[in-house]
Amino acid sequence: MFSENNRISARQAFRLLTYDLLGLGTLLLPRFLGRQAGRDGIFCIAIGIVAGLLYLKLLQCGMADMQVEFPLYLEQKLGRIGGRIIQLAYMIYFVLLAGYVAYIFADVVLADLLRGESFYLVLGILLALTAYGIWGGVEGRARVYEILFWFLMIPLFLMLLFAVDEIQIDYWAPVFTAEFAGVAGGGYDVFLFLSLVFLLLFLGGYVQKKEALLAAGRSALLFSGGVYAALYFILLGIFGPDALGQMNYPAVTLM
């Protein structure tokens with residue numbers, strides 16, 4: 001039996017954060033980068049990773065004296081009212097983000113798995129499964145992700161490996177052709193997806209050692225950035241920059 005001690009390991013935190021960073025980004029980033037930067041999208045990924053690491057450094061400074069759970073820490077620093085206001089802002093942000101993610105995943109299911117099915121039925125099932133996951137608590141989700149991590153990652157890596165022989169290298173060149181605004185905008189898009197690493201703030205009450213949690217966040221960010229880069233290289237080499245920018249979910253099409 002698992003013990004209920006309100007704790008998760010740094011490895012479990014890494015796996016939770018990795019799926020938070022990869023889930024939406026692998027679906028949407030290739031299209032965004034193909035549209036904004038084309039062949040130079042890989043530089044956008046590099047910019048986003050560097051920005052994410054700097055952002056993580058800021059989070060590390062903010063967590064320097066955090067000895068309690070993040071909501072309590074906000075109230076300690078900003079007072080009861082100020083802390084509650086920031087918590088409310090986080091709640092609104094998470095509700096909006098959850099609504100957007102739910103819409104995207106329901107759209108993927110309808111577009112590629114259950115064509116013609118009711119959108120509200122699919123959305124309702126997704127929300128029910130999400131509610132069940134929340135009811136299980138962070139410890140329950142951490143255990144599930146720890147078990148399923150490689151069961152889900154290995155098929156992804158195999159898919160990318162099997163797609164290598166379909167790459168047309170001509171699609172990768174020439175580079176340095178995109179406008180600065182496009183590369184900067186693409187880098188910002190990458191950073192937006194990787195900035196979800198801030199969720200480690202809410203794991204501070206579950207991981208005993210702060211340094212281990214920060215290391216897990218850094219590892220998740222670098223691992224996810226590497227997956228973004230590999231996926232984009234392969235998608236660009238198969239579909240080309242013009243088609244890539246027009247596809248809704250290129251990674252799903254590749255599958």
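Everything numeric here is computed off the predicted structure, so don't read it as measured data.
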Apply side-chain contact (heavy atoms from CB on, under 4.5 Å) to the pair F193 and L28, showing each step before the final yes or no.
-> CA-CA 10 Å; F193 287 103; L28 300 180; 4.0 Å; yes

Approximate separation, where rounding is to 0.5 Å, of [X] [atom1] and [Y] [atom2]:
X	Y	atom1	atom2	result
I49	F191	CD1	CZ	12.5 Å
T26	L21	OG1	CG	10.5 Å
Y90	F202	OH	CZ	5.0 Å
Y171	L235	OH	CG	13.0 Å
R15	R11	CZ	CZ	5.0 Å
K77	M66	NZ	CE	11.0 Å

Between [X] and [Y], is any pair of side-chain heavy atoms under 4.5 Å apart?
X	Y	value
L156	V227	yes
L231	P30	yes
L53	L194	no
Q60	R218	yes
D107	Y249	yes
L88	I92	yes

Atom of [X], atom of [Y] and distance for their closest heavy-atom approach:
X	Y	result
T18	A220	OG1-CB, 3.5 Å
F162	D165	O-OD1, 2.9 Å
R31	M247	CD-O, 2.8 Å

Are [Y] and [X] linked, directly or through intermediate hydrophobic residues, by side-chain heavy-atom contacts shorter than 4.5 Å (ILVMFWY only)?
X	Y	answer
L126	L148	yes
I81	L78	no
L196	I45	yes
L72	I85	no
V183	Y228	no

Donor-acceptor contact below 3.5 Å, side chain [X] vs main chain [Y]:
X	Y	answer
R39	A173	yes
D40	T177	yes
S195	L192	yes
W172	F233	yes
E166	A163	no

Is it the case that more than 12 heavy atoms not belonging to [X] sit under 6.0 Å from its [atom1] atom?
X	atom1	result
Y188	OH	no
Y132	OH	no
E179	CD	no

Identify, with sequence neighbours excluded, every residue that meets salt bridge (Lys or Arg N to Asp or Glu O under 4.0 Å) alongside K209.
-> none

F94 vs F198 aromatic rings, parallel, tilted or perpendicular, using cut-offs 30° and 60°?
-> parallel

Quick one: sort the Y145 and Y19 rings into parallel, tilted or perpendicular, breaks at 30° and 60°.
-> tilted

side-chain contact (heavy atoms from CB on, under 4.5 Å) between L200 and V197, intermediate numbers included = CA-CA 6 Å; L200 62 82; V197 73; 3.9 Å; yes

Are F43 and F176 close enough that their ring centers fall under 6.0 Å?
-> yes

From the list L203, L201, I8, side-chain contact (heavy atoms from CB on, under 4.5 Å) partner of L213 resolves to L203

Any chance you could lay out the side-chain contact (heavy atoms from CB on, under 4.5 Å) test for L221 and L17, step after step, and finish with the verdict?
-> CA-CA 8 Å; L221 192 151; L17 290 169; over 6 Å; no

Step by step, would you call L56 with L59 a side-chain contact (heavy atoms from CB on, under 4.5 Å)?
-> CA-CA 5 Å; L56 191 60; L59 293 178; 4.2 Å; yes

Does Y73 have any side-chain hydrogen bond (donor to acceptor under 3.5 Å, both in side chains) partners at least two apart in sequence or in another chain, and if so, which?
-> D65

